[in-house]
Structure formats: structure tokens, C-alpha cells
Protein chains: 2
Amino acid sequence: MKLLVVEDDTTTSTYIARGLREEGHAVDVVADGRDGLVQATTGQYDVLILDRMLPELDGLTLLKTLRGAGNATPVLLLTAMGAVDDRIDGLNAGADDYLVKPFAFGELSARVNALARRPQALEQETTLRAGDLTMDLITRRVTRAGQEIDLLPREFALLEHLLRRKGRVQTRTMLLEAVWDISFDPMTNVVETHISRLRAKVDRPFDTELIQTVRGAGYRIDA
Amino acid sequence: MKLLVVEDDTTTSTYIARGLREEGHAVDVVADGRDGLVQATTGQYDVLILDRMLPELDGLTLLKTLRGAGNATPVLLLTAMGAVDDRIDGLNAGADDYLVKPFAFGELSARVNALARRPQALEQETTLRAGDLTMDLITRRVTRAGQEIDLLPREFALLEHLLRRKGRVQTRTMLLEAVWDISFDPMTNVVETHISRLRAKVDRPFDTELIQTVRGAGYRIDA
DNA sequence: AGACCCCGATGAAACTGCTTGTTGTCGAAG
DNA sequence: CTTCGACAACAAGCAGTTTCATCGGGGTCT
């Protein structure tokens with residue numbers, strides 16, 4: 001199993017790394033957040049072990065960035081603080097599990113194994129992603145490249161529908177049915193109108209366009 | 001170490017109990033929530049292992065009741081569901097850790113030991129916060145920017161509910177269910193009314209607004 | 001009586017869908 | 001190869017509708 005440890009305290013990181021290697025894993029170690037992000041995005045890891053407090057780039061930010069980029073590698077967050085709030089922040093940021101320092105090595109090992117074993121994307125239900133776009137269905141927040149976008153209810157519904165069938169073309173009829181709940185052609189261009197508005201908020205301010213029109217067929221979202 | 005297992009599925013409970021006894025712990029087992037509550041409050045346990053779904057009295061309710069009564073025994077929550085939301089609910093209710101079924105015994109053991117080792121009462125969430133707002137659930141005091149705000153009972157309940165799910169949008173229906181305990185639409189604007197009153201006390205006198213309306217969806221609190 | 005809460009009315013603001021005019025794309029004819 | 005026409009998609013403005021905020025009256029419980 002290939003693991004990445006991002007931890008600035010060398011005492012801790014060598015302790016973790018040695019233990020995991022003894023269990024037969026391939027372990028990479030980096031000491032700051034920026035290197036961590038690079039390494040995490042380029043290497044194919046089974047689990048990331050991430051300290052919350054890091055130089056250069058804080059662990060939570062790193063995690064958010066990673067998730068924002070669509071990376072779903074299981075993350076175990078190490079935190080020095082034990083307050084519930086911190087855990088919640090961690091889970092919200094996209095961590096799959098957390099561990100409060102100090103911890104026994106056996107505990108870390110158990111959790112790492114649990115994470116690797118767990119069928120991924122079991123969580124995902126609450127957040128939809130496409131490229132650098134994130135849509136959180138619970139908080140009802142949409143962000144792209146870290147920037148928050150606020151959408152009107154209909155726009156939100158439309159984007160949600162498109163994201164849920166990412167990559168597949170949705171015809172006007174399908175969209176009318178799903179988002180407007182009408183099964184006849186209203187003889188107007190409601191769909192086009194709303195796609196246009198959605199684009200103005202979601203695509204226009206950024207460099208790559210996520211919402212694509214398939215002429216003669218419909219629309220599709222794709223990274 | 002003295003442990004209590006509250007679990008209705010006998011297969012699981014005997015599996016857990018046997019394992020823990022082999023490690024030299026004293027283990028009591030009860031099969032429903034009501035017995036669990038009685039046992040937990042009377043016996044002096046080091047850790048409680050609590051199933052989330054229980055007959056008679058649901059695990060989460062049990063936990064809340066226990067915490068409400070000032071009992072700070074570390075609790076490990078077992079949950080069948082893996083969604084982040086459930087974990088957050090669990091942690092909010094006062095759990096110290098959770099474990100998603102199915103799990104390896106070693107994992108359970110590691111966590112139980114970790115909980116017992118951990119200096120207690122470090123958690124005990126009695127205050128909710130959002131930005132410069134503080135809500136103390138014991139003294140029932142709410143302050144913002146150092147200034148005390150007094151709320152009517154319903155307003156207090158509403159704010160508490162929103163704070164407990166900080167960041168997440170709560171629909172009118174959810175609020176009616178949770179704060180008013182009614183599961184039908186009363187066809188009136190009770191919620192809006194109380195939100196309005198709450199805002200007058202909590203937001204209006206200050207510069208940033210914590211209570212946000214998400215048009216077409218509901219309300220959300222956020223710093 | 002007092003405190004608290006629900007209700008209905010009212011006005012304001014937000015949202016949506018339509019209309020209209022513009023731009024873009026494709027294919028066939030010149 | 002270019003031009004033109006038809007059709008598809010887009011964008012902006014406007015107006016009807018829906019949703020929300022606020023207020024005061026009246027009911028209810030203590």
C-alpha cells in the first residue's frame with residue numbers, strides 16, 4: 001500500500017513512517033504543506049496522513065484544495081486539538097477520519113487500514129464535483145477555484161442535475177422534466193435562458209468552460 | 001477497565017464483549033436504550049460503547065440525555081451509516097469517537113483504549129459558537145461581542161438548533177420538526193416570524209449578519 | 001396581569017419565465 | 001470557395017408571481 005505522510009515534526013513523522021514500513025507499506029514523507037499538495041496530486045496514494053498544523057500551507061487548506069481539485073484519496077487528519085469543532089471542521093473539509101495526538105501507533109495503523117479497505121466514494125453523496133467546481137448540497141454552497149458563487153434556486157437545481165449526470169448529454173426535454181417537472185414543451189426557451197444565466201456565474205468568470213452545449217442535442221457538464 | 005456495551009444485535013454484542021473480556025476488561029452488556037441509560041448513569045464506567053440504532057431509546061437520544069445530565073463518560077458510537085452527516089450528529093450529541101460498522105475488533109479495541117487513556121472532560125461541549133456569538137447551554141446565556149442578549153425560549157431553541165448545524169441549510173420543514181416538533185405544515189409563517197425576532201436581537205445590533213436566508217431553501221447560520 | 005407565542009396582513013424584494021433582438025453554426029446553392 | 005438562408009443558441013430587459021420580512025392584534029398559559 002502506498003502512503004503519504006505530511007508532517008513537519010520529524011520525531012512524529014519518522015515514528016509513523018517506520019511503523020508503517022514495518023507493516024510492509026511504501027511510505028513517502030514530506031514536511032510542509034506545499035510539498036504535500038504537490039506530492040498528493042502527482043503520486044497515486046492509497047491514504048494520506050495529514051497533520052493539521054503545517055508550515056507553508058495549513059493541513060485543512062491543503063485538504064480543501066485537494067478535494068476542490070476532485071481528488072478523493074482517503075485522508076486521515078492528525079490534530080493536536082481535541083475540540084469537537086475542530087473535528088467537524090476537519091470532516092467538513094473532506095477528511096475521512098481524524099486522530100487526536102498523542103496516539104498509539106496501533107491506533108494509527110488500524111485507522112489507515114480501515115480507510116484503505118473502505119469502499120471509497122461512500123461519503124461523496126453530499127458533495128458534487130466537476131473540475132475545480134464544488135457543490136455542497138447540505139450547505140447549499142457552490143464554489144469554483146475556491147471562490148464562492150451564489151446561485152438562484154432554479155440555477156442551483158439545474159446545475160445539480162447536470163452534475164449528477166456529469167459527462168452525459170441532457171436534452172432540453174430531460175431537463176424540463178427533471179428540473180421544471182413539466183412533461184410538455186412550453187414553446188419557450190426557458191432552458192436556454194437558465195443555462196445562459198448559469199454560465200454567466202459559473203463559467204464566464206473562469207478560464208475553462210464546464211457547461212458545454214451539444215448542438216442539436218442539449219447540454220453537458222464536463223471537466 | 002469497566003466497560004458498558006449497549007447493542008441490540010446479540011451477534012455483535014457477544015463478539016465485542018468476548019474480545020474485550022479477553023483483554024482483561026469487565027464488560028456489561030445491555031440490549032436496549034432504556035436499560036442502557038439506567039446502567040450508564042448508575043454504574044461507573046470507563047467507556048461506553050453505544051450502538052446508534054437501538055430499541056426503546058435511540059442511541060443518540062441516550063447520549064444527549066446522558067450529557068445533558070452532566071455525565072462525561074467517554075462514548076464510542078457505533079454507526080451503520082458512513083455519511084459524514086451522521087458522524088457530525090454523533091459528535092455533536094457528545095460522542096468522543098465513532099466507528100462505522102462493520103469493523104475489525106482490533107480497531108474497536110484501539111479506540112476504546114485511546115478513549116480511556118484520554119484525559120476526560122476535555123471535550124464536554126456546553127457552548128456553541130459562531131463568529132463572535134456564544135451560546136452557553138448550561139447557563140442558557142447568549143452573548144455576542146461581549147454583550148449579553150436575552151432570548152425567549154422559542155428563540156433560544158431555534159438559535160440552538162441552527163448553531164448545532166452551523167453552516168448547513170435548514171429548511172422550514174426541518175425547523176418545524178426540530179424546534180416546534182410538528183411534522184406538518186401549519187400553513188402559517190411561524191418560522192419566518194421567529195427568525196425575524198431572532199435577527200432583531202442577534203443580528204441587527206451588530207455589523208455582520210450570522211443568520212442567512214437561503215431563498216427557496218431555508219436558513220443557515222454562518223460566521 | 002404579564003409574558004410569550006401564533007397568526008394574518010401588508011409591503012418589499014427576489015426570482016422566474018417570456019419576449020425580443022443578436023449571434024453563431026451548418027449546409028446547400030451559386 | 002464563397003455566400004446566403006435557415007435554424008439553433010444566446011443575452012438582456014421586463015413584468016408577473018412567489019417568497020420573505022415585519023408588524024400588530026389576539027389567544028393561551030402561567
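In what follows, every chain begins at residue 1, and chains take the letters A, B, ... in the order their sequences are listed. Below, all heavy atoms of this structure are taken into account, side chains as well, without hydrogens, waters or symmetry copies.
You'll find a donor-acceptor pair under 3.5 Å spanning the side chain of B:Asn189 and the base of D:dT22, going by distance alone.
In this structure, NZ of A:Lys201 is placed 14 Å from P of D:dA11, rounded to the nearest angstrom. Taking atom CD1 of residue A:Ile195 and atom P of nucleotide C:dC18, one finds them 16 Å apart after rounding to whole Å. Per the geometry, CG belonging to B:Leu198 stands 12 Å off P belonging to D:dT22, to the nearest Å. Taking atom CG on B:Leu158 and atom P on C:dC4, their separation rounds to 16 Å, with Å as the unit. One atom, CE of A:Met187, and another, C1' of C:dT19, lie 14 Å apart when rounded to the nearest Å. Regarding B:Glu155, its CD atom lies at a distance of 13 Å from the P atom of D:dT22, rounded to whole Å. Atoms CZ (A:Arg199) and P (C:dT23) sit 17 Å apart, rounded to a whole Å. Atom CD in B:Glu192 sits about 15 Å away from atom C1' in C:dA12, given to the nearest Å.
Between B:Gly216 and A:Pro186, the one whose closest nucleotide on DNA chain C sits nearer the 5' end is B:Gly216. Nearer to the 5' terminus of DNA chain C, by closest-nucleotide assignment, is the contact made by B:Thr188 (compared with the other of B:Thr188 and A:Pro153).
Shown here is A:Arg165, whose CZ atom has more than 12 heavy atoms of other residues, nucleotides or ligands within 6.0 Å. Summarising the local packing, CD of A:Glu148 is surrounded by more than 12 heavy atoms from other residues, nucleotides or ligands at distances under 6.0 Å. The number of heavy-atom neighbours closer than 6.0 Å to CG of B:Asp150, taken from other residues, nucleotides and ligands shown, is 12 or below.
In this model, the phosphate group of C:dC4 is not approached by any side-chain N or O of B:Arg154 to a distance below 4.0 Å at OP1 or OP2. Contact check, B:Trp180 against C:dC6: a side-chain N or O comes under 4.0 Å of OP1 or OP2. Residue B:His194 places at least one side-chain N or O under 4.0 Å from the OP1 or OP2 atom of C:dC6. Between B:Arg204 and D:dT22, a side-chain N or O to OP1/OP2 separation shorter than 4.0 Å is present. In terms of phosphate contacts, B:Thr193 brings no side-chain nitrogen or oxygen within less than 4.0 Å of OP1 or OP2 of C:dC6.
Using a cutoff of 4.0 Å between basic side-chain nitrogens and carboxylate oxygens, A:Arg172 and A:Asp185 are not scored as salt-bridged.
Residue contacts shown for A:Arg197 include a base, since a base heavy atom lies under 4.0 Å away. Within the 4.0 angstrom heavy-atom criterion, no nucleotide atom of any strand lies near A:Phe156. As judged by a 4.0 angstrom heavy-atom cut-off over every strand, B:Thr213 is placed among residues touching the sugar-phosphate backbone only. Base contact: B:Arg215 has a heavy atom under 4.0 Å from a base atom.
In this structure, the nucleotide among D:dA11, D:dC20, C:dC6 sitting nearest to the side chain of B:Tyr219 is D:dC20.
In the model, A:Glu155 has no side-chain atom that pairs as donor or acceptor with a side-chain atom of A:His194 under 3.5 Å.
Taking every heavy atom of both residues into account, A:Pro205 and A:Ala200 meet most closely at CD-O, 3.4 Å.
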